[in-house]
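Just so it is clear, the structure is predicted and the values come from calculations on it, not from any experiment.
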Amino acid sequence: AALFVENARKGHIVSRANSIGSTSASSVPNTDDEDSDYHQEPYKESYKDQRRRAHTQAERKRRDAIKKGYDDLQAIVPTCEQQDFSIGSQKLSKAIVLQKTIDYIQFLHKEKKKQEEEVSTLRKDVMALKIMKVNYEQIVKAHQDNPSEGKDQVSDEIKFNVFQGIMDSLFQSFNASISVTSFQELSACVFSWIEEHCKPQTLRDIVIGVLHQLKSQRY
């Protein structure tokens, strides 16, 4: 009986020890499993970090684009090439690059306007030459068709009448267009009158009208 009691007491003590050990073991974290999970799963970037990184990259691209734009302007605009022989090449500030670019664009606009005016003048000259060419061809053709007409010489009076008729027609438009308030206005009006009433086509119409009038009076 004593042996039975002793064995029962020992069994109870062992059972309590096992239960306490199992409880303690369950309360201790499994560091091996966590370490293996930590090494296997990569770090997940937060949404805030992603936005910050994207903003940084966008800002860097924007600054690089601006820098490239200024570098291109300095390479394109001739006046941005500044050379100082005492200190060597000096990089221009952004404000100076922009101002020199604006000045150069304005210069190009003026040059373009000047070239357009020259082209317009040349076109007028070409038109006048074409009209003269057509008139000379008509004169030559008329002389070839009727060679006897060249024998009939006109008098100086008829020549003067032709000249007088042309001048009278021009003076009428001249007198109606010219202002004599001051010499400055007179000069401005003269050039304006020439451009308006002395065009090749206008003069041609005047001459044809005078010739028809004298021909009708003569015959």
Side-chain angles (χ1 to χ4, degrees), residues 21-133 173 177-179 181-203:
S22 62
T23 304
S24 300
S26 62
S27 62
V28 175
N30 189 354
T31 57
D32 293 339
D33 294 340
E34 290 182 355
D35 290 342
S36 62
D37 294 341
Y38 176 78
H39 290 294
Q40 291 177 1
E41 294 182 1
Y43 171 73
K44 294 183 179 180
E45 189 178 18
S46 65
Y47 177 71
K48 185 177 181 180
D49 292 337
Q50 291 178 358
R51 289 190 59 186
R52 184 184 298 109
R53 181 168 55 83
H55 176 72
T56 302
Q57 293 177 354
E59 181 66 18
R60 186 182 298 110
K61 290 181 180 180
R62 186 183 69 85
R63 292 181 179 179
D64 292 341
I66 293 176
K67 182 179 181 301
K68 184 178 182 301
Y70 279 102
D71 292 340
D72 292 341
L73 285 178
Q74 283 189 273
I76 294 173
V77 179
T79 54
C80 287
E81 297 178 358
Q82 178 177 346
Q83 296 290 334
D84 190 344
F85 296 100
S86 61
I87 60 176
S89 299
Q90 182 180 0
K91 187 175 181 180
L92 301 178
S93 64
K94 294 180 179 179
I96 295 178
V97 171
L98 290 178
Q99 186 60 48
K100 287 183 175 292
T101 302
I102 293 172
D103 295 339
Y104 185 64
I105 291 174
Q106 292 176 348
F107 168 76
L108 291 179
H109 278 301
K110 291 181 180 178
E111 288 295 316
K112 181 182 178 183
K113 185 177 180 181
K114 182 179 178 181
Q115 291 178 359
E116 289 176 351
E117 292 176 353
E118 291 178 354
V119 170
S120 178
T121 302
L122 292 175
R123 286 177 178 173
K124 292 179 181 179
D125 293 341
V126 170
M127 184 181 296
L129 292 174
K130 287 182 178 180
I131 293 174
M132 293 175 61
K133 178 176 177 291
S173 62
S177 304
I178 300 302
S179 174
T181 305
S182 64
F183 184 78
Q184 184 177 1
E185 289 187 4
L186 175 64
S187 302
C189 291
V190 167
F191 287 105
S192 177
W193 171 78
I194 291 175
E195 293 179 356
E196 181 67 22
H197 298 279
C198 294
K199 296 178 180 179
Q201 184 63 36
T202 304
L203 295 176

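Under a 4.0 Å N-O distance rule, the pair Arg62/Glu59 qualifies as a salt bridge. Salt bridge absent: Arg60 and Asp64 never bring a charged side-chain N and a carboxylate O closer than 4.0 Å.
Under a 3.5 Å cut-off, the side chain of Ser177 and the backbone N or O of Ser173 do form a donor-acceptor pair.
Residues Leu73 and Val97 come closest through the heavy atom pair CB-CG1, 3.9 Å. The two atoms that bring Leu92 and Cys80 nearest to each other are CD1-O, 3.1 Å, heavy atoms only. In terms of heavy atoms, His197 sits closest to Leu203 at O-CD2, 4.3 Å. Annotation for Ala128 and Pro200: closest pair CB-CG, 3.4 Å, computed over non-hydrogen atoms. Of all heavy-atom pairs spanning Val77 and Lys100, the tightest one is CG1-O, 4.0 Å.
A distance of 11.0 Å separates CG in Leu98 from CG in Asp103, rounded to the nearest 0.5 Å. Annotation: the span from Lys130 atom NZ to Lys133 atom NZ amounts to 9.5 Å, rounded to 0.5 Å. Atom OG1 in Thr79 sits 10.5 Å away from atom CD in Gln74 (nearest 0.5 Å). Rounded to the nearest 0.5 Å, atoms CD1 (Ile102) and CD (Gln106) are 7.0 Å apart. To the nearest 0.5 Å, atoms OG1 (Thr101) and CG (Asp72) are separated by 11.0 Å. Separation of atoms CE (Met127) and CZ (Arg123) is listed at 9.5 Å; rounding is to 0.5 Å.
Each of His55, Gln57, Arg51 was checked for a side-chain contact (heavy atoms from CB on, under 4.5 Å) with Arg53, and the lone residue meeting it is Gln57.
Remark: Thr121 engages Asp125 in a side chain to side chain contact (heavy atoms under 4.5 Å, CB included) (not counting sequence neighbours).
Residues His109 and Lys113 fail the side-chain proximity criterion, which asks for heavy atoms closer than 4.5 Å.
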